[in-house]
Amino acid sequence: MQNYQNHFLIAMPSMDDPRFKRSVTYICEHNDQGAMGIVINHPLDVKVADLLKQLDIEFDSESPAANAYVCAGGPVQHDRGFVLHTAKEGYSSSMNLTDNLMVTTSKDILIDLTTDKAPEKFILALGFAGWAEGQLEQEMADNAWLVIPADPSIIFDLSHAEKWQSATAKIGIQPWQLTNEAGHA
């Protein structure tokens with residue numbers, strides 16, 4: 001089994017599910033029981049400040065982080081927050097993804113997001129994308145996704161609108177070159 005952990009899934013143009021159309025999904029975990037990822041380029045009409053206010057968490061409205069858009073991380077548990085961030089220890093529920101990348105699901109990170117205690121870079125997402133055993137592998141065989149190694153600069157340094165095109169360009173493909181037809185028998 002090929003492991004796609006710490007890779008991006010780039011939705012092919014044939015992907016007509018609106019939750020994944022032109023999406024870039026960071027794969028946090030992939031094993032023989034399935035996979036879990038976070039869509040990093042589908043912003044909601046909700047800013048970090050809006051979410052913090054709704055949760056009664058004090059925040060600095062002048063912080064650039066307060067004006068960042070929250071992403072629709074995927075259709076599973078879309079009422080639960082996931083913070084994909086540069087490495088910073090000390091939160092009660094974090095998982096190391098790489099030496100430089102973590103995902104945190106505990107509320108304590110939300111308190112820090114608009115302060116100088118925040119991780120250097122982050123994306124806040126509601127929900128995640130999940131695949132049951134063998135499901136992602138079948139979608140790969142069905143030509144639903146392109147896969148490339150994850151690049152933190154795409155996650156954190158580009159606007160949401162630039163991420164899909166930039167991810168496809170990483171493998172030398174321009175979006176107009178992609179077809180809806182499968183290239184294998």
Side-chain angles (χ1 to χ4, degrees), residues 1-48 50-52 54-55 65 68-86 91 93-98 101-107 109-110 113 119 121-168 170:
M1 174 184 103
Q2 178 153 359
N3 190 303
Y4 298 119
Q5 188 166 326
N6 195 37
H7 283 72
F8 289 144
L9 297 184
I10 305 165
M12 291 290 286
S14 58
M15 177 73 69
D16 55 7
D17 182 334
R19 299 170 297 183
F20 294 104
K21 190 161 188 70
R22 292 181 61 98
S23 68
V24 178
T25 304
Y26 176 83
I27 299 299
C28 298
E29 191 170 31
H30 183 214
N31 57 40
D32 58 3
Q33 289 152 29
M36 179 267 183
I38 298 172
V39 177
I40 62 166
N41 68 324
H42 283 184
L44 296 167
D45 193 21
V46 176
K47 293 188 177 181
V48 170
D50 301 327
L51 187 65
L52 296 176
Q54 184 179 356
L55 296 170
Y69 282 95
V70 176
C71 282
V76 182
Q77 294 186 358
H78 52 82
D79 58 341
R80 185 170 174 204
F82 295 83
V83 181
L84 186 61
H85 60 92
T86 51
Y91 299 110
S93 183
S94 294
M95 181 170 83
N96 287 320
L97 303 170
T98 69
L101 200 57
M102 302 175 85
V103 65
T104 299
T105 57
S106 52
K107 190 175 178 179
I109 194 170
L110 299 178
L113 288 183
K121 298 176 182 181
F122 74 89
I123 287 180
L124 174 56
L126 293 177
F128 68 93
W131 292 265
E133 178 182 347
Q135 183 181 2
L136 180 55
E137 291 78 6
Q138 184 59 54
E139 289 180 14
M140 295 300 296
D142 293 342
N143 205 39
W145 306 101
L146 292 172
V147 180
I148 64 168
D151 180 343
S153 67
I154 290 176
I155 298 171
F156 300 118
D157 299 337
L158 300 177
S159 71
H160 295 302
E162 297 171 304
K163 292 177 184 181
W164 185 78
Q165 198 164 352
S166 294
T168 60
K170 278 277 211 199

> Just checking, is any N or O donor in the side chain of T104 or H85 under 3.5 Å from an acceptor N or O on the other one?
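Side-chain D/A pair, T104 to H85: present.
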> In Å, rounded to the nearest 0.5 Å, how long is the span from CE of M36 to OG1 of T25?
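Output value for this atom pair is 11.0 Å.
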> Donor-acceptor check, side chain of W145 to backbone of L136, threshold 3.5 angstrom: yes or no?
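No; zero donor-acceptor contacts below 3.5 Å.
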> I need the minimum non-hydrogen distance between A129 and P75, along with the two atoms involved.
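Nearest heavy atoms, A129 then P75: CA-CD, 4.2 Å.
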> Is it the case that over 12 heavy atoms from other parts of the model lie below 6.0 angstrom from the CZ atom of F156?
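Yes, enclosed.
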> Do S166 and V24 come close enough that some side-chain heavy atom pair is under 4.5 Å?
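No, too far: nothing below the 4.5 Å cut-off.
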> Report yes or no: does H30 contribute a side-chain atom to a donor-acceptor pair with the main-chain N or O of Y4 at less than 3.5 Å?
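Pair found, side chain donor or acceptor close to backbone of Y4.
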> Could you report the tightest heavy-atom contact between K21 and H42, atom names first, then the distance?
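Distance-wise, the nearest heavy atoms are O-NE2, 2.9 Å.
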> Rounded to the nearest 0.5 Å, how far does CD of Q5 lie from CD of E29?
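Going from the CD atom of E29 to the CD atom of Q5 covers 6.0 Å.
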> Atom CD1 of I10 and atom CZ of R22: how far apart are they, to the nearest 0.5 Å?
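One finds 11.5 Å between CD1 of I10 and CZ of R22.
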> Any chance you could lay out the side chain to side chain contact (heavy atoms under 4.5 Å, CB included) test for L9 and W131, step after step, and finish with the verdict?
CA-CA 12 Å; L9 297 184; W131 292 265; 3.8 Å; yes
> V48 versus F122: any side-chain heavy-atom pair under 4.5 Å?
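They are in contact (side-chain heavy atoms under 4.5 Å apart), so the answer is yes.
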> Holding to salt bridge (Lys or Arg N to Asp or Glu O under 4.0 Å), I want the full list of residues that pass it with D16, two or more places apart in sequence or in another chain.
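D16 satisfies salt bridge (Lys or Arg N to Asp or Glu O under 4.0 Å) with no other residue.
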> Test of understanding: with salt bridge (Lys or Arg N to Asp or Glu O under 4.0 Å), list the residues that count as partners of R19, not counting sequence neighbours.
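R19: salt bridge (Lys or Arg N to Asp or Glu O under 4.0 Å) contacts with D17.
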> Quick one: pull up CD in E137 and CG in D32 and give me the separation to the nearest 0.5 Å.
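One finds 9.5 Å between CD of E137 and CG of D32.
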> Between the side chain of N143 and the main-chain N/O of M12, is any donor-acceptor distance below 3.5 Å?
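No, the answer is negative, given that no donor and acceptor are paired below the 3.5 Å cut-off.
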> Which pair of non-hydrogen atoms, one from V76 and one from G130, has the smallest distance, and what is that distance?
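Distance-wise, the nearest heavy atoms are CG2-N, 4.0 Å.
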> How close do A72 and V39 get, heavy atom to heavy atom, and via which atoms?
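Scanning both residues completely, I find the closest heavy atoms to be O-CB, 3.4 Å.
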> Please answer whether the main-chain N or O of S106 pairs with a side-chain N or O of S93 as donor and acceptor at a distance below 3.5 Å.
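No: the side chain of S93 does not pair with the backbone of S106.
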> Using a 4.5 Å cut-off on heavy atoms from C-beta on, say whether the side chain of C28 contacts that of M95.
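Yes, side chains in contact.
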> Kindly indicate, with the supporting measurements, whether the criterion side chain to side chain contact (heavy atoms under 4.5 Å, CB included) is fulfilled by V83 and L110.
CA-CA 8 Å; V83 181; L110 299 178; 4.2 Å; yes
> Donor-acceptor check, side chain of K170 to backbone of I148, threshold 3.5 angstrom: yes or no?
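Between the backbone of I148 and the side chain of K170 there is no qualifying donor-acceptor contact (under 3.5 Å).
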> Please find the pair of heavy atoms, one from C71 and one from L44, that lie closest to each other, and give the distance.
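Smallest interatomic distance, heavy atoms only, reads O-CD1, 3.8 Å.
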> When you look at Y26 and L97, which way does the side chain to side chain contact (heavy atoms under 4.5 Å, CB included) test go after all the steps?
CA-CA 10 Å; Y26 176 83; L97 303 170; 3.6 Å; yes
> I need the L101 CG to I155 CD1 distance, nearest 0.5 Å.
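Going from CG on L101 over to CD1 on I155, the span is 5.0 Å.
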> Going by the rule salt bridge (Lys or Arg N to Asp or Glu O under 4.0 Å), which residues pair with D50 if we only count those two or more places apart in sequence or in a different chain?
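Applying salt bridge (Lys or Arg N to Asp or Glu O under 4.0 Å) to D50 gives none.
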> Which heavy atom of P119 sits nearest a heavy atom of T86, and at what distance?
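In terms of heavy atoms, the two residues are closest at CB-O, 3.8 Å.
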> Roughly how far, to the nearest 0.5 Å, is the NZ atom of K163 from the CG atom of D157?
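With rounding to 0.5 Å, CG (D157) is 9.0 Å from NZ (K163).
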> Looking at H160, I'd like to know if its NE2 atom is crowded, meaning that more than 12 non-hydrogen atoms belonging to other residues, nucleotides or ligands lie closer than 6.0 Å.
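It does: H160 NE2 has more than 12 such atoms within range.
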> Side chain to side chain contact (heavy atoms under 4.5 Å, CB included) between S23 and N41: does it pass, once the steps are laid out?
CA-CA 6 Å; S23 68; N41 68 324; 3.9 Å; yes
> Got a donor-acceptor contact below 3.5 angstrom from the N31 side chain to the Q33 backbone?
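Answer holds: yes.
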